[in-house]
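Sequence lines set the chain letters: A, B, ... in the order given, protein chains first and strands last, and positions in each chain run from 1.
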Amino acid sequence: MSAPADSIEIQNVVASTGIGQELDLEALAEDLPGADFNPDNFPGLVYRTQEPKAAALIFRSGKIVCTGAKSIDDVHEALGIIFEKLRGLSIPVDEDPEITVQNIVSSADLGHNLNLNALAIGLGLEDVEYEPEQFPGLVYRMDEPEVVILLFGSGKIVITGGKRTDDAKTAVEEIVKRIDDLGLLG
Amino acid sequence: RLRKWQERIRTKDAGERNLQFALSEIDRMASALGVPRSVREVASVIYRRALNEDLIRGRSIEGVATSALYAACRQEGIPRSLDEVAEVSRVPQKEIGRTYRYISQELGLELKPVDPKQFVPRFASSLGLSEEVQSKATEIIDVSAEQGLLSGKSPTGFAAAAIYAASLLCNEKKTQREVADVAQVTEVTIRNRYQEQIEAMGFR
DNA sequence: GCTTTAAAAAGTAAGAT
DNA sequence: ATCTTACTTTAGAAAGC
């Protein structure tokens, strides 16, 4: 018996932090191999780590956004690599910068096909956005936990907007309950 | 103060002019789309409601007017696709879709998902297909939707495939290209939906 | 509101073969 | 006709227009 919650996989974690030091991005772009910096397009410098794979947006203020990591541990690991790289360039970086998780994107499988038309009406048109002409997924905004769930006809779903690790699990259990109560789960 | 008074008049005039512009745009687009007068009236009501609830702030008048018309067509059961609406509007399709979702949510329109069957009469008649083909296409849509094939699929593509299939079954064949053109979808989409629908109907 | 980053879901589209 | 690539949706931070 495999519960839908057991199929949850974190796909992306977005986090922010800061080194507590202003940066000269022009100079950093020169000293940091592989850095992408196009100030005309975007004010942040893009730096990618290979292991773990992640992308960091480094700003002049010293603030950093890390995205693309597959776990919170990976976020810390990737940022740790970046902090060391900066220190290696004689840039003072705070001892242990606070890292804040801003968003976690997860995927899961409910294990049954879904009738999205019936679900749109059953879950309540006021909380649902389902426009298959524009996007095949049904968008459901849940209040507790405060996340957005994308549901597809295949039964596969995406949970995003959560900041805590267990938000996805709570959300999946809740949406399964609601769909089941409507008699729309397989 | 006289100045304050004049400003009020100016603001009122500007607002009145904007409303007139929006309503004339709705009228122009509705004519181009060939929708009945009743739909234009529903669109006007939706636009005025959006105006009263201050939903136009930060959005273009034309965008809200177009979205109101798109919503009105759906509400009246004679939907136009976003592509069709975008063709007669000066607002990009992406913005129409976004604005529609916004006003639909804020005004609590609660419109049900578009039913592919609602496109059948219009698409079929512009292809010169008979009543028989239309009812066959409708049947195909009902049967395949009941079997869960509709979830996530574009209503226009779904309708187009059913019309194509029905035209074959009734010996009034239209090519995939002809159907694709009136429905504004690609032949690939018709082919994909057609295969699933034929199988759902039990025709291998 | 936009710009950039990453990732999943599934449908549709465009260009190449 | 089939393949590849790319774009649609969701969330969130960053700095600046």
Side-chain angles (χ1 to χ4, degrees), chain A residues 7-18 23 25 36-49 52-71 74-75 78 99-110 113-114 116 129-142 146-163 167-168, chain B residues 57-60 63 81-83 93-95 97-99 101-102 150-158 160 176 180 183-193 196:
Chain A
S7 69
I8 296 173
E9 283 181 51
I10 293 180
Q11 300 292 351
N12 184 23
V13 177
V14 180
S16 58
T17 188
L23 293 166
L25 296 185
D36 286 343
F37 184 44
N38 293 39
D40 292 340
N41 282 54
F42 188 70
L45 178 154
V46 182
Y47 183 74
R48 295 175 174 81
T49 56
K53 192 181 169 212
L57 306 178
I58 304 174
F59 298 89
R60 194 183 49 204
S61 63
K63 293 193 174 176
I64 300 174
V65 170
C66 179
T67 183
K70 291 284 185 192
S71 71
D74 282 358
V75 167
I99 295 172
T100 308
V101 174
Q102 302 288 356
N103 183 25
I104 299 176
V105 182
S106 301
S107 59
D109 190 348
L110 300 187
N113 287 341
L114 298 172
L116 299 183
E129 213 172 83
Y130 175 49
E131 295 295 331
E133 189 187 342
Q134 303 173 61
F135 184 70
L138 182 157
V139 182
Y140 183 62
R141 283 160 211 283
M142 187 173 275
E146 193 177 336
V147 298
V148 171
I149 306 177
L150 308 181
L151 301 120
F152 297 85
S154 64
K156 301 270 186 64
I157 72 175
V158 170
I159 307 93
T160 186
K163 287 184 159 60
D167 282 346
Chain B
R57 185 168 298 176
R59 258 159 282 271
S60 71
S81 68
L82 280 179
D83 272 301
Q93 192 198 309
K94 192 171 167 179
E95 188 189 326
R98 250 191 221 137
T99 306
R101 279 180 248 143
Y102 178 70
L150 181 55
S151 286
K153 268 73 166 217
S154 153
T156 44
F158 209 80
Q176 294 179 353
Q184 296 196 278
V185 297
T186 63
E187 296 168 85
V188 178
T189 295
I190 291 187
R191 221 171 283 142
N192 292 335
R193 296 305 134 250
E196 301 171 350

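- The OG atom of A:S106 sits 7.5 Å away from the CD atom of A:Q11 when rounded to the nearest 0.5 Å.
- When heavy atoms are screened at a 4.0 angstrom cut-off, A:S61 is found touching the sugar-phosphate backbone but no base atom.
- Nucleotides D:dA1 and C:dA9 are separated by 27 Å at their C1' atoms, to the nearest Å.
- Side chains of B:I190 and B:E187 form no contact here, defined as non-hydrogen atoms less than 4.5 Å apart.
- A:I8 places its CD1 atom 15 Å from the C1' atom of C:dA9, with the value rounded to the nearest Å.
- Residues passing the salt bridge (charged side-chain N to carboxylate O under 4.0 Å, His left out) test with A:R48, sequence neighbours excluded: A:D36.
- Listed nucleotides C:dT5, D:dG12, D:dT2 differ in distance to B:R191; the shortest reach to its side chain belongs to D:dT2.
- For the residue pair B:T99 and B:G63, the shortest heavy atom distance occurs at CG2-O, 3.9 Å.
- Taking atom C1' on both nucleotides, C:dA8 is separated from D:dC3 by 22 Å, rounded to a whole Å.
- In this structure, the separation between CG on A:N103 and CG on A:D167 is 10.0 Å, given to the nearest 0.5 Å.
- A:V75 approaches A:A15 most closely through the heavy-atom pair CG1-CB, 3.7 Å.
- Taking the nucleotide of DNA chain D with the nearest heavy atom to each of A:G62 and B:K94, the more 5' of the two is matched to B:K94.
- Residue B:R59 is out of contact with every strand shown, counting any heavy-atom pair closer than 4.0 Å.
- Among the nucleotides D:dG12, C:dC2, D:dA15, the one closest to the side chain of A:N12 is D:dG12.
- Side chain A:S16 to base D:dA13: no donor-acceptor pair is found below 3.5 Å.
- Secondary-structure annotation of DNA chain D gives the stems C:1-5 with D:13-17, C:10-17 with D:1-8, with a stem taken as at least 3 successive Watson-Crick or G-U pairs whose two distances both fall under 3.5 Å.
- Counting any heavy atom pair closer than 4.0 Å across all strands shown, A:V14 reaches a base atom.
- The CD1-C1' distance, from A:I104 to C:dT5, rounds to 17 Å in whole Å.
- Here D:dA11 presents its P atom at 19 Å from CD1 of A:I10, a figure rounded to the nearest Å.
- The NZ atom of A:K163 sits 6 Å away from the C1' atom of D:dG12 (whole-angstrom rounding).
- Using a 4.0 Å heavy-atom criterion, one finds that A:S107 contacts no nucleic acid atom at all.
- For A:L150, whose side chain is taken as the heavy atoms from C-beta onward, the closest listed nucleotide among C:dA6, D:dT9, D:dA1 is D:dT9.
- Of the two residues near DNA chain C, A:L57 and A:Q11, the one whose nearest nucleotide lies more 5' is A:L57.
- Counting heavy atoms from C-beta outward, A:D74 and A:V13 have side chains that stay 4.5 Å or more apart.
- Across all strands shown, B:R101 has heavy atoms under 4.0 Å from sugar-phosphate atoms exclusively, and none from any base.
- Nucleic acid contact class of A:R141 (heavy atoms, under 4.0 Å, all strands): sugar-phosphate only.
- Listed nucleotides C:dT5, D:dT2, D:dT10 differ in distance to A:T67; the shortest reach to its side chain belongs to C:dT5.
- Looking at every heavy atom in both residues, B:S81 comes nearest to B:T156 through CB-CG2, 3.8 Å.
- For A:V139, whose side chain is taken as the heavy atoms from C-beta onward, the closest listed nucleotide among D:dT10, C:dT4, C:dT5 is D:dT10.
- Taking atom P on both nucleotides, C:dA6 is separated from D:dT4 by 22 Å, rounded to a whole Å.
- A:F37 is not listed as a side-chain neighbour of A:Y47, based on a closest heavy-atom distance of 4.5 Å or more.
- Just one of A:D109, A:L110, A:L151 meets the side-chain contact (heavy atoms from CB on, under 4.5 Å) condition when paired with A:K156; it is A:D109.
- Note on B:R98: every side-chain N or O is 4.0 Å or more away from OP1 and OP2 of D:dT8.
- D:dT9 and C:dA13 are spaced 15 Å apart, taking the P atom of each and rounding to whole Å.
- The CD1 atom of A:I64 sits 14 Å away from the C1' atom of D:dA15 (whole-angstrom rounding).
- Between C:dA7 and A:K53, a contact under 4.0 Å exists linking OP1 or OP2 to a side-chain N or O.
- Residue A:L110 contributes atom CG, which lies 12 Å from atom C1' of C:dA9 at whole-angstrom precision.
- Of the candidate nucleotides D:dA13, C:dA6, C:dA8, D:dA13 has the atom nearest to the side chain of A:Q102.
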Grab the N/O contacts between the protein and nucleotides 10-16 of chain C below 3.5 Å, and write none if there aren't any.
from, atom 1, to, atom 2, distance (Å)
C:dA10, OP1, A:S154, OG, 2.2
C:dG11, OP1, B:K153, NZ, 3.4
C:dT12, OP1, B:S154, N, 2.9
C:dT12, OP2, B:R193, NE, 2.9
C:dT12, OP2, B:R193, NH2, 2.6
C:dA13, OP2, B:T186, N, 3.1
C:dA13, OP2, B:T186, OG1, 3.0
C:dA13, OP2, B:T189, OG1, 2.6

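- A salt bridge does not link B:R98 to B:E95: none of the charged side-chain nitrogens sits closer than 4.0 Å to a carboxylate oxygen.
- Within the 4.5 Å cutoff, side-chain heavy atoms of A:R141 are placed close to those of A:V148.
- Atoms CG (A:N103) and P (C:dT5) sit 18 Å apart, rounded to a whole Å.
- The nearest whole Å value for the distance from the CD1 atom in A:I99 to the C1' atom in D:dA14 is 15 Å.
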